[in-house]
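Throughout, a chain's letter reflects where its sequence line sits, starting with A, and its residues are numbered from 1.
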There are 2 protein chains.
Amino acid sequence: MTMVIMYQGENDLSLREKKKIETRNKIFDVSARLFKEKGIENTTVDEIVKEAGIGKGTFFNYFPSKTALLLYFAQQKEELTYNQIKNEALKSVSTREKIINTLVFVAKTNEKDKELTKMFVFEYMRHYGSSEDERKSRSLSNILYSLIEDGVRKEYVKSTIDAKKAAEIISAIYFHSLMEWLWSKIDYSFSDDISGKIGMVFDGIAGGRT
Amino acid sequence: MTMVIMYQGENDLSLREKKKIETRNKIFDVSARLFKEKGIENTTVDEIVKEAGIGKGTFFNYFPSKTALLLYFAQQKEELTYNQIKNEALKSVSTREKIINTLVFVAKTNEKDKELTKMFVFEYMRHYGSSEDERKSRSLSNILYSLIEDGVRKEYVKSTIDAKKAAEIISAIYFHSLMEWLWSKIDYSFSDDISGKIGMVFDGIAGGRT
DNA sequence: AGTCATTTATGACCGTAGTCATATTTAAGA
DNA sequence: TCTTAAATATGACTACGGTCATAAATGACT
């Protein structure tokens with residue numbers, strides 16, 4: 001039974017935990033630098049551990065795979081982005097505009113680091129439904145879901161609409177269009193493209209007949 | 001200048017070409033068996049070449065990568081499927097029904113070999129825009145495009161609609177929903193899901209306000 | 001049949017992600 | 001301070017996809 005009561009300010013971490021954080025940060029910093037310097041594909045785990053001054057096994061103690069490290073990067077960025085989205089959505093009134101602005105905003109932040117984005121979209125696909133990372137990989141869907149529910153309340157969206165399904169189709173369109181845009185050789189406006197498509201979803205494509 | 005004119009029936013292939021076809025088929029047969037027996041991921045190229053009685057290098061003479069073999073499988077299946085689609089679409093009158101039936105039909109054939117389908121969807125994502133396989137990977141989009149253009153002519157679809165964009169959003173929804181369905185633990189009706197979503201696209205989700 | 005150029009086959013070899021038995025470090029109690 | 005259990009670090013090793021220089025097979029021509 002321990003009798004030691006610790007009064008610690010900035011220093012309430014054991015040596016172990018401090019070293020753990022240090023190592024994790026070291027891996028993160030070194031790989032961030034290498035990824036920028038020579039691209040993700042061209043950076044090997046061996047290089048990372050050599051530059052970080054740790055053993056190879058250690059890397060895999062912290063990240064179960066190279067992919068896990070990438071996902072960690074992507075997640076960090078995603079968190080930053082999604083925190084800004086609320087402000088972005090507030091800039092407009094109608095649900096349609098809110099959704100378009102949100103998607104364009106996310107796309108723009110993604111454009112800044114195309115390679116990482118590609119990697120993320122790719123890994124998002126690969127690890128689809130692998131249970132643990134559901135919260136984050138579904139978060140765009142969740143944001144859209146809130147916007148649509150809000151839209152139903154304010155009558156921007158039909159009350160008969162299944163908000164969950166609607167959020168799904170919009171995020172499907174977003175991902176697909178983003179891929180098309182990221183990998184496309186020809187340069188076109190993502191904003192215009194996505195606006196047009198969201199417009200179709202709002203107004204429908206049905207003609208006179210049924 | 002050759003004076004030999006060959007009248008050949010079933011046998012107009014040189015020894016080389018016969019052996020080539022034989023080897024290709026051997027690889028195809030063996031890997032098909034192994035994939036079924038122990039799954040795609042668990043089947044290595046080394047195993048395939050060992051069972052096929054060929055050298056490892058030979059495999060890569062026929063398929064530049066393991067992925068290429070997978071894509072070959074997927075392509076074979078896709079061809080079969082897409083040939084049947086026309087009949088499927090003819091069963092209904094309205095464009096809406098035609099599209100739904102087409103997608104449900106494709107989904108059903110995919111369901112028969114979930115693992116291969118996952119692999120294909122996955123590879124479809126990975127090799128997105130890698131120039132060479134555009135014709136086939138875009139073929140669902142093309143079919144949808146034709147259906148929509150036809151729909152515009154028959155007034156099932158608004159004449160103001162950009163058929164290309166519409167085809168894109170529908171195939172985006174299809175792929176996304178298919179993934180959701182393939183990887184989902186809970187069992188639900190894909191037909192119902194996709195019908196609902198296509199319905200939304202036709203009728204629109206917009207409410208009273210703008 | 002003999003010669004030679006072209007096509008195809010081959011397996012030793014390589015790069016890289018990931019594993020695991022063993023060694024080292026840390027925390028905590030006596 | 002000494003002992004011991006648990007956490008952490010480590011690098012030799014494995015597995016696997018893919019490469020490449022070299023060898024064998026094939027076909028065209030004489």
Side-chain angles (χ1 to χ4, degrees), chain A residues 1-6 8 11-27 30-31 34-35 38-73 119 122-123 126-127 130, chain B residues 1-6 8 11-27 30-31 34-35 38-73 119 122-123 126-127 130:
Chain A
M1 166 193 334
T2 178
M3 302 300 286
V4 181
I5 297 169
M6 305 209 209
Q8 289 159 326
N11 218 1
D12 58 346
L13 270 61
S14 67
L15 177 56
R16 257 192 191 154
E17 295 200 301
K18 273 193 285 184
K19 285 201 170 175
K20 227 167 141 175
I21 290 169
E22 210 179 298
T23 305
R24 172 173 277 269
N25 284 339
K26 191 78 196 167
I27 293 174
V30 166
S31 45
L34 290 177
F35 288 162
K38 35 188 291 180
I40 294 174
E41 301 272 342
N42 298 323
T43 303
T44 67
V45 174
D46 285 285
E47 280 177 294
I48 295 171
V49 298
K50 197 181 165 193
E51 298 241 350
I54 59 173
K56 190 169 188 179
T58 307
F59 176 94
F60 289 98
N61 285 343
Y62 287 84
F63 300 94
S65 65
K66 187 184 175 183
T67 289
L69 174 63
L70 263 352
L71 285 176
Y72 180 69
F73 270 89
M119 205 71 206
F122 179 59
E123 292 303 330
R126 194 223 272 275
H127 294 256
S130 68
Chain B
M1 173 194 325
T2 177
M3 301 300 287
V4 181
I5 299 170
M6 306 210 210
Q8 288 161 326
N11 219 1
D12 58 346
L13 271 61
S14 66
L15 178 54
R16 259 194 189 149
E17 295 199 301
K18 273 193 282 182
K19 286 202 171 176
K20 227 168 142 176
I21 291 169
E22 209 178 298
T23 305
R24 174 173 276 268
N25 284 339
K26 191 78 198 167
I27 294 174
V30 167
S31 43
L34 289 177
F35 288 162
K38 32 187 293 183
I40 293 174
E41 301 271 342
N42 298 323
T43 303
T44 67
V45 174
D46 288 282
E47 280 177 295
I48 294 171
V49 299
K50 197 181 165 194
E51 298 242 348
I54 60 172
K56 191 170 185 177
T58 307
F59 177 94
F60 290 98
N61 284 343
Y62 287 84
F63 299 94
S65 64
K66 186 184 174 183
T67 289
L69 174 62
L70 264 352
L71 285 176
Y72 180 69
F73 270 89
M119 206 70 206
F122 180 58
E123 293 303 331
R126 194 224 271 275
H127 294 260
S130 69

Nucleotide nearest [X] when distance is taken to its side chain, options [options]:
| X | options | value |
| --- | --- | --- |
| B:Arg16 | D:dC16, D:dT19, D:dA25 | D:dA25 |
| A:Phe60 | C:dG18, D:dT19, D:dG27 | C:dG18 |
| B:Lys66 | D:dT10, D:dG17, D:dT26 | D:dG17 |
| B:Ser65 | C:dT7, D:dG18, C:dA9 | D:dG18 |

How many Å lie between [atom1] on [X] and [atom2] on [N], as a whole number?
| X | N | atom1 | atom2 | value |
| --- | --- | --- | --- | --- |
| A:Phe59 | D:dA12 | CZ | C1' | 19 Å |
| B:Ile27 | C:dT8 | CD1 | C1' | 12 Å |
| A:Arg24 | D:dA9 | CZ | P | 11 Å |
| A:Phe63 | D:dA9 | CZ | C1' | 16 Å |
| A:Leu13 | C:dA27 | CG | P | 11 Å |
| A:Leu15 | D:dT8 | CG | C1' | 12 Å |
| A:Asn61 | C:dT22 | CG | P | 17 Å |
| B:Glu41 | D:dA15 | CD | C1' | 14 Å |

How close do B:Lys56 and B:Asp46 get, heavy atom to heavy atom, and via which atoms?
->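 Here B:Lys56 and B:Asp46 meet closest at NZ-OD2, 3.3 Å.
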
A:Lys20 vs B:Asp46, nearer the 5' end of DNA chain D by closest nucleotide =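 Result of the comparison: A:Lys20.
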
Starting at the 5' end of DNA chain D and moving along, which residue's nearest nucleotide shows up first, B:Val45 or B:Lys19?
->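 Mapping each residue to its closest nucleotide by heavy atoms, the 5'-most match is B:Val45.
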
Strictly below 4.0 Å, heavy-atom distances to any atom of DNA chain C: list the hits from residues 50-58 of chain B, or just say none.
->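 Under 4.0 Å from DNA chain C: B:Ile54, B:Gly55, B:Lys56, B:Gly57, B:Thr58.
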
Measure the CD-NZ distance between A:Glu51 and A:Lys26 for me, rounded to the nearest 0.5 Å.
->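 With rounding to 0.5 Å, CD (A:Glu51) is 9.0 Å from NZ (A:Lys26).
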
Roughly how far, to the nearest 0.5 Å, is NZ of B:Lys50 from CG of B:Leu34?
->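 B:Leu34 atom CG to B:Lys50 atom NZ measures 11.5 Å (nearest 0.5 Å).
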
Within the 4.5 Å heavy-atom criterion, are [X] and [Y] side-chain neighbours or not?
| X | Y | answer |
| --- | --- | --- |
| A:Leu70 | A:Ile40 | yes |
| A:Leu69 | A:Ser31 | yes |
| A:Ile54 | A:Tyr62 | no |

Base, sugar-phosphate alone, or nothing: which one does B:Tyr62 contact when heavy atoms must sit under 4.0 Å apart?
->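 Sugar-phosphate: the residue B:Tyr62, judged by heavy atoms under 4.0 Å, touches backbone atoms but no base.
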
Partner set under ring pair (Phe, Tyr, Trp, His ring centres under 6.0 Å) for B:Tyr72, not counting sequence neighbours |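 So B:Tyr72 forms a ring pair (Phe, Tyr, Trp, His ring centres under 6.0 Å) with B:Phe28, B:Phe63.
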
